[in-house]
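In this text the structure is predicted, and so the values were computed from the model without any measurement. Computed from heavy atoms alone, side chains included, the values below leave out hydrogens, waters and symmetry copies.
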Amino acid sequence: MRPIRRLALLQLVLPAALGAQSPVPAPVRAIDWPAIEREGVTLLREYLRVNSTNPPGNELTAARFLRDFLAKEGIEAQILDTTELGTGRANLYARVKGNGSKRAIALVHHMDVVPATASTWTAPPFSGELRDGYVYGRGALDMKGEGIAQLMAVVALKRGGVPLTRDLVIIANADEELGSTGALTFADKHADLLRDVEFLFTEGGSNSVRNDTLRFRGVGVSEKRTFWQRLTVRGIPSHGSRPTKHNPVPRLVAALDRLARHETPLHVTPGVDRFFRDISRDYPGERGRWLQNVTEALKDPRAREWILSDVYWNAILRNTISLTGLQGSNKTNVIPPEASADVDVRLLPDQDPDSVLATLKAVVADTAVTFTPLIVPKPPFESPTATDFFRAVERVSQERDPKAFVTSSMLPAATDRPMYRRLGIHVYGLDPFRTNDVEFQRGVHGNDERISVVNFLAGVRFLYDVLRYVQ
Ligand SMILES: [Zn+2]
C-alpha cells in the first residue's frame with residue numbers, strides 16, 4: 001500500500017511544479033482514498049464471481065451487478081438491448097454530468113470473459129480469490145479489472161466533487177470476446193447517447209513492463225481489420241488409385257503456394273510512424289537511426305531485414321496473410337469433389353478491402369479458385385495523437401514514470417473500438433495497469449489470470465488523474 005500513499009503526496013506537489021500547464025480541477029471535498037481502495041478491491045472480487053463466460057455470456061447478471069453498485073453512488077444506469085442481444089444478455093449505460101462546456105468522454109469495458117478450465121488453475125477461476133496480494137479470476141486483466149478501475153475512478157471524482165467540464169459516460173458491453181454484438185448493437189441503436197462524446201477509451205493499450213519497470217505506455221490508436229477468406233476449388237471425385245486431372249487438391253495447393261510466397265507491400269501509417277520514432281530512443285546507434293525514419297529505413301535491405309524479423313513490427317507494417325485451415329478428402333484413397341483453405345488476412349486500417357481482394361485473386365491467378373469472405377471487415381479505426389486525451393495520458397504518465405514514454409500503438413488483432421470510431425469519436429485503447437509483460441502474456445485468456453492489488457489500485461489513481469487532466 002505504501003507506494004499509493006507516495007503518489008498522493010506527488011499529486012499535491014506536482015501541479016505547482018508544472019506551473020506552465022493548464023490548471024487541473026481539484027476535489028472540493030477530501031476523498032477518502034482508503035475507502036475507495038477497500039471498496040474497489042471488494043467490488044472487483046465480487047464482479048469476478050459473476051460468471052460471464054462467453055458463450056453464453058450471461059452479461060445481464062453482470063450489468064445488474066454494475067447497475068446496483070452505481071445506484072448506491074447516486075449514478076443511475078440503464079440496462080439496454082436485452083431484446084436484441086437475446087436471453088441473459090445486455091449492455092449497460094450511465095452518465096455523470098459535467099458542466100457541458102466541453103464534449104463528453106466515454107469509459108468502455110466488456111463484461112464477458114473467455115472460458116476457463118478450472119482444473120488448470122490454482123484458484124477457482126470464478127472465486128475472486130485474494131492470495132499473496134493478487135486477485136485471481138477470469139477477467140482480472142481482460143477486462144473486468146479495467147472496468148472496475150474505470151468505475152472507481154469515476155466514483156472518486158464524484159465523491160470529491162471534482163468540477164467536470166465533460167460528462168463522463170460509462171458503457172459496459174456484451175459479447176466482445178465472440179461476436180462483438182454488444183458494441184455493434186450499442187453503436188447502431190444508441191448513436192444519440194454518444195452524439196456529444198469526443199473521446200472514448202477501452203482495452204487495446206499495450207504497455208511494455210519488464211521487471212516492474214515501465215518502458216513505455218502504448219495508447220492504442222489503431223488496429224488491423226480482420227478479412228478472413230475461404231478459397232475453394234471444385235473437381236470430380238474418384239478413386240485415389242487412378243489419378244486424374246480433375247483432382248481439386250493439387251490445384252488448391254498450387255494456388256496456396258503462390259499466396260504463401262506473395263510479399264504484401266510495406267506501408268507506414270501515421271500512428272506506426274510515431275511508434276517507431278518513439279521507441280528509437282531504446283535502440284543505440286544504427287538501429288536507433290533506422291527507427292527514427294522507418295519509411296526510409298525500409299528501403300535499405302539490411303534495415304528492412306532487421307525490422308521485419310520482429311513479428312509484431314512486421315504485422316503493423318503491412319497487410320498479412322496466414323494460411324491456416326485446410327480441407328481436402330477425409331479418406332486417403334478418395335479424390336474429393338472439393339478442396340478448401342481458410343486464410344487469415346489482416347488489413348492495415350487504411351486499406352480498401354475490395355482492392356486487396358482483387359490483388360489476392362491476381363496473385364492466385366486461377367479462376368477455378370473461388371474466394372468467399374468469412375467475415376465482414378469492421379470499419380477502419382485510426383485515431384489522432386494530437387488530442388487533449390492523448391496529452392492527458394502523456395502528462396499523467398510523465399508524473400509517475402518520468403523515464404518511460406507514451407507512444408501510439410497498433411493492435412494486430414481486433415477489438416470493439418472500430419464500431420465506436422465509425423461514429424466519429426476519437427477512440428483509444430488504454431491500459432491503466434503496469435502488468436509485467438510475462439504476467440500479461442500468461443494470464444490473458446490463459447490460466448491463473450490475476451492482478452496485483454497494488455497494480456489495480458495504482459490503475460484507479462491513474463484513471464482518476466487522466467479524467468481530471470482531460471477536463
Ligand atoms: Zn478483452
| request: Could you go through the side-chain hydrogen bond (donor to acceptor under 3.5 Å, both in side chains) check for T202 and D416 one step at a time? | output: CA-CA 9 Å; T202 181; D416 281 344; over 6 Å; no
| Could you walk me through whether D212 and N436 pass the side chain to side chain contact (heavy atoms under 4.5 Å, CB included) check? | CA-CA 6 Å; D212 296 322; N436 279 306; 2.8 Å; yes
| task | Go through the steps for R304 and E263 under the test salt bridge (charged side-chain N to carboxylate O under 4.0 Å, His left out), then give the verdict. | result | CA-CA 13 Å; R304 181 186 156 108; E263 283 204 30; 3.3 Å; yes
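In this structure, I105 and F389 have side chains that are in contact, with non-hydrogen atoms separated by less than 4.5 Å.
Using a cutoff of 4.0 Å between basic side-chain nitrogens and carboxylate oxygens, R95 and E76 are not scored as salt-bridged. Between D112 and R89, none of the side-chain N atoms (NZ, or NE/NH1/NH2) sits under 4.0 Å from a carboxylate O, so this pair counts as no salt bridge. Ion pairing between a basic and an acidic side chain is recognised when a charged N comes within 4.0 Å of a carboxylate O; R166 and D388 show such pairing. Under 4.0 Å is where a charged nitrogen must lie from a carboxylate oxygen, and between R159 and E73 at least one such pair does. Checked for salt-bridge contact, D196 and R103 miss the test: no charged N lies under 4.0 Å from a carboxylate O. D282 and R215 are joined by a salt bridge, as a carboxylate oxygen and a charged side-chain nitrogen come within less than 4.0 angstrom of each other. The existence of a salt bridge linking R461 and E37 is confirmed by a sub-4.0 Å separation between a basic side-chain nitrogen and an acidic carboxylate oxygen. A salt bridge does not link K102 with D167: none of the charged nitrogens is closer than 4.0 Å to a carboxylate oxygen. Salt bridge annotation for R64-D68: absent, with no cationic side-chain nitrogen under 4.0 angstrom from a carboxylate oxygen. Between R302 and E286 a salt bridge is recorded (basic side-chain N to carboxylate O distance below 4.0 Å). At a threshold of 4.0 Å, the pair D344-R346 counts as salt-bridged, since one of the basic side-chain nitrogens sits closer than that to a carboxylate oxygen.
In terms of modelled atom types and a separation under 3.5 Å, the side chain of T359 and the main chain of S355 share a donor-acceptor contact. No donor-acceptor pair closer than 3.5 Å links the side chain of K144 to the backbone N or O of R138. Here the side chain of N207 pairs a donor or acceptor atom with the backbone of F433 at under 3.5 angstrom. Side chain of R281 to main chain of D278: a donor-acceptor pair is present (N/O by atom type, distance under 3.5 Å, no hydrogens or angles). Between the side chain of E203 and the backbone N or O of D431, no donor-acceptor pair lies under 3.5 Å. At distances below 3.5 Å, not a single donor-acceptor pair connects side-chain atoms of R217 with backbone N or O atoms of S397.
Put simply, CD1 on I451 and CD on E439 are 9.0 Å apart, with the number rounded to the nearest 0.5 Å.
Under the 6.0 Å cut-off for aromatic ring centres, W121 and F126 do not qualify, their centroids lying 6.0 Å or more apart. A ring-centre distance under 6.0 Å is not found for F201 and H109.
Contact detail for G139 and L48: the closest heavy-atom pair is C-CD2, 3.8 Å.
More than 12 heavy atoms of other residues, nucleotides or ligands sit less than 6.0 Å from atom CH2 of W306.
Below 30°, between 30° and 60°, or above 60°: for F199 and Y428 the angle between ring planes is between 30° and 60°, a tilted geometry. Ring orientation note: the planes of F216 and F275 are nearly perpendicular, at an angle over 60° on the 30°/60° scale.
Judged by the 6.0 Å and 45° rule, R417 forms no cation-pi pair with F381.
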